[in-house]
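One structure is given here, and the rest of the page talks about it.
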Protein chains: 2
Amino acid sequence: MPGEIIRPNPIYMQVADQLAQAIKAGEYEAGSKLPSETELMATYKISRPTARSAVNELRTMGLVESHHGRGSFVRSQAAAKTLIPRTIDRSGQRYSVPELRETETPGVTRIHLLDVHAHLLEQPEQDAADAFSTDHLMTDPDTGTRIALRVIIPMDVASDVPALAETPDADVTDLYAMLVEAGHKLTWREVVTARTPLPDERVTLGLTDASPILITYRVTYGTDDRPLICEELRTAAAMANLVYRITPERAPAKRPRAKN
Amino acid sequence: MPGEIIRPNPIYMQVADQLAQAIKAGEYEAGSKLPSETELMATYKISRPTARSAVNELRTMGLVESHHGRGSFVRSQAAAKTLIPRTIDRSGQRYSVPELRETETPGVTRIHLLDVHAHLLEQPEQDAADAFSTDHLMTDPDTGTRIALRVIIPMDVASDVPALAETPDADVTDLYAMLVEAGHKLTWREVVTARTPLPDERVTLGLTDASPILITYRVTYGTDDRPLICEELRTAAAMANLVYRITPERAPAKRPRAKN
DNA sequence: TATCATTTGTTCGTATGTATC
DNA sequence: CGATACATACGAACAAATGAT
C-alpha cells in the first residue's frame with residue numbers, strides 16, 4: 001500500500017465530485033438547472049472562485065454546459081448524435097463514401113507535410129515533401145453538426161496521377177476513382193484519436209466549449225501497399241460519433257504497424 | 001453579414017491563443033518550459049489569475065502539462081502511442097481479437113442495463129433488462145498504457161447460450177466461439193466517441209489530467225441481426241489510438257442506423 | 001419600451017500552502 | 001535554508017446576457 005495522499009482533496013474537487021455523482025445518480029435530470037454559483041456558495045460555505053472552479057470541472061468533464069445569464073444545465077447523457085459511417089461502398093470498380101452535405105466550396109493550398117501526415121504517408125522525416133491540402137466543411141442538415149475534412153495529396157502521388165493534381169478538391173469518391181483509373185488496387189486503414197480543440201478549431205467547428213473532438217486519419221493504400229492520400233476528419237465528439245463495420249480478416253494480424 | 005463580435009476576446013484567451021500558436025509553430029520545443037506565471041504577468045501586463053487562466057486553457061487543450069514547483073512544459077505533439085487494432089481475425093469458424101495483456105482478474109457483476117448499452121443492444125427503454133457486466137483491465141507492457149474493457153451480456157442472451165452465463169469473464173475470443181457454437185453467424189459494428197474522463201475513470205486509467213479518453217462500443221450481432229453482446233473499451237486518447245481496417249462493402253450503405 | 005434582479009463571465013488584488021531546486 | 005513556481009482559496013468589482021416586471 002504505497003503512499004496514499006492523506007491531505008484531503010481540494011475543496012472545489014470535492015464539490016465537483018459530489019455534484020458529478022449526483023448527476024450520474026440521476027438526482028439532476030438532463031436539461032435541469034444546476035444550483036447557481038450563489039447557491040453553491042451558501043450550501044457548501046465556499047467562496048465564489050471555489051464554486052466557479054467546481055462548476056468548471058463539471059464543464060470540462062462534459063457533464064454540464066453553462067449559459068451566460070441563465071445558469072449551468074445538466075447535459076443529456078444520451079443526446080441525439082450524428083452518426084458518421086466510416087464505411088466504403090463498392091460497386092464494381094467504383095468506391096464511394098457516404099455523402100455529407102458540403103457547406104462551403106473547398107479551399108486548396110500547397111503545404112509542407114506535417115509530422116503526423118508525413119508519418120502516416122511514410123514520407124522521409126527530414127525534408128518533408130510538399131502536398132496539396134484541401135479543406136472541406138460539412139454540416140449535418142438535421143442537427144447542425146459541423147464536420148471538417150482535410151484531404152492531403154503528396155506531390156509525388158500527384159505527379160504519378162495527374163488527374164489528382166488537376167482537381168485535388170474533388171469528392172473523395174472521385175479521388176478514389178482516379179487512383180483506380182491509374183491502375184491502383186486500393187485498401188484503407190484508419191487511425192482514430194481525440195483531443196481538446198485548439199482555438200481555431202473551435203471556430204471552424206462552431207464549438208462553445210472545450211469538450212473533446214474526434215479525429216480520424218484515413219490512409220488510402222495503393223499497389224504494393226504504397227500510401228497514396230490521407231483524409232483527416234474532425235468533429236465534436238459530443239455532437240457526432242463514428243461508426244465502423246468490422247469485417248473479419250483471414251490473415252493473422254496483418255501489418256500490426258509497429259509503434260510510432 | 002450578421003453581427004460579428006466586435007468586443008475583443010477575453011485577455012486570458014488572447015494570451016492562450018498566442019501561446020498556443022507559438023507552440024504549434026514550434027517556437028517552444030517539446031519538453032521545454034513555458035514562461036512562468038510571473039513572467040507572463042510581466043510580459044503581457046496581466047494579473048496572476050489571468051495568467052493562470054491562460055495556462056489553464058493550454059492545459060485543457062493538452063498542449064502543456066504543469067508540475068507543482070517546477071513549471072509548465074510543452075507536451076510532445078507526437079508522443080509514442082499504443083496503437084490498438086480493432087480488427088477481428090478469422091481462422092475457420094473461430095474469430096479472434098488481437099491480444100492485450102490482462103492486468104487483473106476480471107470482476108463479474110450483475111447490473112441493470114444503462115441507457116447507452118440498452119440502446120445499442122436494442123433493449124426496450126423501460127424496464128431495462130439485467131445483464132452480466134465484466135470488467136477487464138489491460139496494460140501495454142511497453143508504454144504502461146492502461147485500457148479498460150467492459151463486456152456486457154444481457155440476461156436473455158445468456159439464457160439462450162448457457163455457456164456465456166457460466167463464464168462471462170472469458171476472453172472475448174472465447175465468447176465469440178460460444179456464440180458460433182450456438183449457431184449464430186456473427187457480424188460486428190463499432191461506435192466511437194470521446195469525452196473527458198470522470199473522476200473514477202481517471203483513477204482506473206491512471207490519468208493525471210483531464211485530457212480526453214476514447215470510448216468504443218463494439219456490438220456483436222448474430223443471426224437475423226440480433227444484437228448479442230456489447231464491448232465497451234476506454235483508454236486515454238493521448239496514450240493510445242484506435243486502428244481500423246476498412247473493407248469495402250458491396251451493399252449500398254447497409255443499415256445506416258437512424259439517429260438516436 | 002424600460003427597468004430590475006438574477007446569473008454567469010472576466011479581471012483585479014491578496015494570502016497561504018507546498019513542491020522543486 | 002531561501003528563492004522560485006505552481007495550487008488553492010478568499011474577497012471585490014464590474015461587464016454582459018437573460019428573463020421577468
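Just so we're on the same page: letters track the sequence lines, and every chain starts at 1.
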Rounded to whole Å, CD1 of B:I11 lies from C1' of D:dC14 at a distance of 13 Å

Output the rounded distance in Å from CE (A:M13) to C1' (D:dA9).
15 Å

Respond yes when some side-chain nitrogen or oxygen of A:Y12 is under 4.0 Å from OP1 or OP2 of D:dT8, and no when none is.
yes

Rounded to whole angstroms, how far apart are CD on B:E65 and C1' on D:dA5?
16 Å

Set out, line by line, the N/O atom pairs under 3.5 Å between protein and nucleotides 6-8 of chain C.
from	atom 1	to	atom 2	distance (Å)
C:dT8	OP2	A:E37	N	3.0
C:dT8	O2	A:H68	NE2	2.9

Without decimals, in angstroms, what is the distance between A:I46 CD1 and D:dG11 C1'?
14 Å

Can you name the residues that form a salt bridge (Lys or Arg N to Asp or Glu O under 4.0 Å) with B:E65, not counting sequence neighbours?
B:R75

Mate of C:dT1 where both pairing distances stay under 3.5 Å, Watson-Crick or G-U
none

Taking the minimum atom-to-atom distance to the side chain of B:P49, which one of C:dG13, D:dA9, D:dC10 wins?
C:dG13

Over 60° means perpendicular and under 30° means parallel, so tell me whether A:Y217 and A:H117 are parallel, tilted or perpendicular.
perpendicular

Between A:S53 and D:dT8, does any side-chain N or O lie under 4.0 Å from OP1 or OP2?
no

All pairs passing salt bridge (charged side-chain N to carboxylate O under 4.0 Å, His left out) where residues 42-62 of chain A contributes a residue, at least two apart
A:E37-A:R48, A:E37-A:R52, A:E57-B:R202

With a 3.5 Å cut-off and sequence neighbours excluded, list the donor-acceptor pairs that the side chains of residues 18-25 of chain A form with protein atoms.
from	atom 1	to	atom 2	distance (Å)
A:K24	NZ	A:Q77	OE1	3.3

Any residue meeting side-chain contact (heavy atoms from CB on, under 4.5 Å) with B:T216, in chain and number order, not counting sequence neighbours
B:R86, B:E190, B:V192, B:L233, B:L242, B:Y244

Pairing residues for B:R150 by the salt bridge (Lys or Arg N to Asp or Glu O under 4.0 Å) criterion, not counting sequence neighbours:
B:D135

When rounded to whole Å, the CG to C1' distance for the pair A:L40 and D:dA9 reads 16 Å

Once you round it to whole Å, what is the distance between P of C:dT10 and OH of B:Y44?
18 Å

